[in-house]
Number of protein chains: 2
Amino acid sequence: MTVASAHGNSPNEVFAAIENASARRLLIVALDEFAARGFHATTTRDVSTKSGLSPAAMYVHYPSKEAMLFQIALVGHSTARDRLRAALAEIDQTAGSAQRLEVILREFTFWHAEHTTVARVCEYELQHLNAEHRAEIDRIRREIEVGVRDEVQRGVDCGEFSVPDVRYATMALTSLAIDIVRWYTPGTGVTPAELADNLAVLGLKMVTA
Amino acid sequence: MTVASAHGNSPNEVFAAIENASARRLLIVALDEFAARGFHATTTRDVSTKSGLSPAAMYVHYPSKEAMLFQIALVGHSTARDRLRAALAEIDQTAGSAQRLEVILREFTFWHAEHTTVARVCEYELQHLNAEHRAEIDRIRREIEVGVRDEVQRGVDCGEFSVPDVRYATMALTSLAIDIVRWYTPGTGVTPAELADNLAVLGLKMVTA
DNA sequence: GTCTATAGATGGATAGAC
DNA sequence: GTCTATCCATCTATAGAC
């Protein structure tokens with residue numbers, strides 16, 4: 001199963017678990033606005049009216065604007081983490097470090113391109129969460145980061161990889177995927193699969209002994 | 001001359017050309033707030049009072065909040081571009097592609113770490129500029145990107161480098177430096193020089209044949 | 001060039017009817 | 001669960017004195 005065929009099409013898929021139609025529509029509109037304009041520049045009025053509802057309707061489904069951001073961040077991060085885990089679980093257990101890291105890089109890059117708006121909010125808008133919500137998201141982020149770092153370390157230990165410093169190398173590898181959300185616009189020629197192919201090759205070469 | 005010794009210390013140095021003390025102080029406070037909270041979450045009242053002035057005083061020096069952002073972005077981008085050019089001009093003209101690209105990577109990475117707040121605003125807050133200002137900044141950004149891409153292309157042409165695609169490789173190289181501003185906090189152990197060393201090595205390895 | 005005072009607009013959130 | 005109406009805080013920017 002290739003990465004490209006494993007996933008459906010963006011936010012509707014990511015937020016499919018939200019059963020109430022209005023709640024889901026509100027969240028998807030909020031997501032688009034947060035990604036395009038930023039959390040603070042987005043008004044609750046805008047989110048509500050673009051969802052076909054009155055300004056007050058939002059508060060039936062979410063207690064505040066920040067709560068919507070948290071919901072987006074929580075689903076986004078959880079989904080990304082789960083997919084990384086699933087991808088690793090699917091590989092032949094005798095696979096070498098290079099093969100395992102390539103799967104991680106490909107999956108992580110593809111996610112950031114395919115789900116650009118979710119990923120953009122997850123990478124850039126976390127500062128607007130309150131302290132508790134921020135801490136909860138940070139826990140998931142650490143899980144992801146540790147997962148990547150462990151693979152790099154394993155590769156270094158067995159001699160497949162060679163880097164000046166495992167921590168900086170891990171940072172560099174994740175940067176390749178994360179920075180996509182700063183410039184990438186879907187539907188303008190570049191496909192997520194193309195990006196994943198290119199960046200996985202480059203990232204792997206960066207750490208290979 | 002090493003990169004580290006070539007530069008003084010952050011925003012005061014970058015905005016040294018602004019002679020009026022209040023105007024300079026306002027801009028530096030605005031920079032810190034924009035970098036920490038984002039453009040929209042920053043209030044003009046906050047910028048003024050943290051500069052030791054009344055809310056109205058700002059408008060004597062800048063016509064609007066957006067004008068401050070533009071000033072920061074213009075000085076930031078111009079300075080970064082000029083330093084890249086100066087660094088390249090300083091190298092031995094017989095230097096190979098690897099050596100030239102290493103200087104670019106080192107300089108670009110060091111800039112993003114040493115001047116994190118300026119760089120963060122330059123990378124993340126441009127969406128809040130008006131159309132004309134945005135276009136002016138984008139022109140400078142293209143100059144920088146083309147400069148990096150040309151070096152990668154030259155290295156590929158002469159056989160020193162080998163990449164699946166020059167455009168994606170250029171993106172990846174710049175991402176290494178740019179993504180620093182998302183997580184880097186000065187004074188917490190990691191030095192800009194250390195970062196520049198590590199990322200220049202990793203970036204070079206990524207494209208070397 | 002700096003101040004106090006305030007205009008004028010907007011936005012997050014709530015009240016209460018249906 | 002959705003609406004209309006509105007409160008109240010906040011924010012950008014301006015007016016006018018010193």
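Since the structure is predicted, the reported quantities are computational estimates derived from the model, not experimental observations. Quick note on labels: first sequence line is chain A, next is B, and so on, each numbered from 1. Computed from heavy atoms alone, side chains included, the values below leave out hydrogens, waters and symmetry copies.
Remark: A:R142 does not engage A:D138 in a salt bridge, criterion side-chain N to carboxylate O under 4.0 Å.
In this model, the phosphate group of D:dG1 is not approached by any side-chain N or O of A:S22 to a distance below 4.0 Å at OP1 or OP2.
Distances were taken from every side-chain heavy atom of A:V60 (C-beta onward) to each of D:dG1, D:dC3, C:dT2; the shortest belongs to D:dG1. Considering only side-chain atoms of B:H61, the nucleotide from D:dT4, D:dG1, C:dT2 that sits closest is C:dT2.
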What are the atom names and distances for every N/O pair under 3.5 Å that joins the protein to nucleotides 10-14 of chain C?
{"unit_1": "C:dG12", "atom_1": "OP1", "unit_2": "A:T42", "atom_2": "O", "d": "3.2"}
{"unit_1": "C:dG12", "atom_1": "OP1", "unit_2": "A:K65", "atom_2": "NZ", "d": "3.0"}
{"unit_1": "C:dG12", "atom_1": "OP2", "unit_2": "A:T44", "atom_2": "N", "d": "2.7"}
{"unit_1": "C:dG12", "atom_1": "OP2", "unit_2": "A:T44", "atom_2": "OG1", "d": "2.9"}
{"unit_1": "C:dG12", "atom_1": "N7", "unit_2": "A:R45", "atom_2": "NH1", "d": "3.0"}
{"unit_1": "C:dG12", "atom_1": "O6", "unit_2": "A:R45", "atom_2": "NH1", "d": "3.4"}
{"unit_1": "C:dG12", "atom_1": "O6", "unit_2": "A:R45", "atom_2": "NH2", "d": "3.4"}
{"unit_1": "C:dA13", "atom_1": "OP2", "unit_2": "A:Y59", "atom_2": "OH", "d": "3.0"}
{"unit_1": "C:dA13", "atom_1": "OP2", "unit_2": "A:K65", "atom_2": "N", "d": "3.3"}

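Ring-plane geometry between B:H133 and B:F70 is classed as parallel, the angle between the planes falling under 30 degrees on a 0 to 90 degree scale with a further cut at 60.
A:E66 places a side-chain N or O within donor-acceptor distance of the main-chain N or O of A:N130, the cut-off being under 3.5 Å. Using a distance-only test at 3.5 Å, with no hydrogens or angles considered, no donor-acceptor pair links the side chain of B:R81 to the main chain of B:I144.
Qualifying side chain to side chain donor-acceptor pair (under 3.5 Å) partners for A:E136, counting only residues two or more places apart in sequence or in other chains: none. In this view, A:R45 satisfies the salt bridge (Lys or Arg N to Asp or Glu O under 4.0 Å) rule with no residue, not counting sequence neighbours.
Rounded to an integer number of Å, the gap from A:L53 CG to D:dT4 C1' is 14 Å. Note: OH (B:Y62) to C1' (C:dG1) measures 14 Å, nearest angstrom. One interatomic measurement links the two molecules: CD of B:E19 to C1' of C:dG1, which rounds to 17 Å at whole-angstrom precision.
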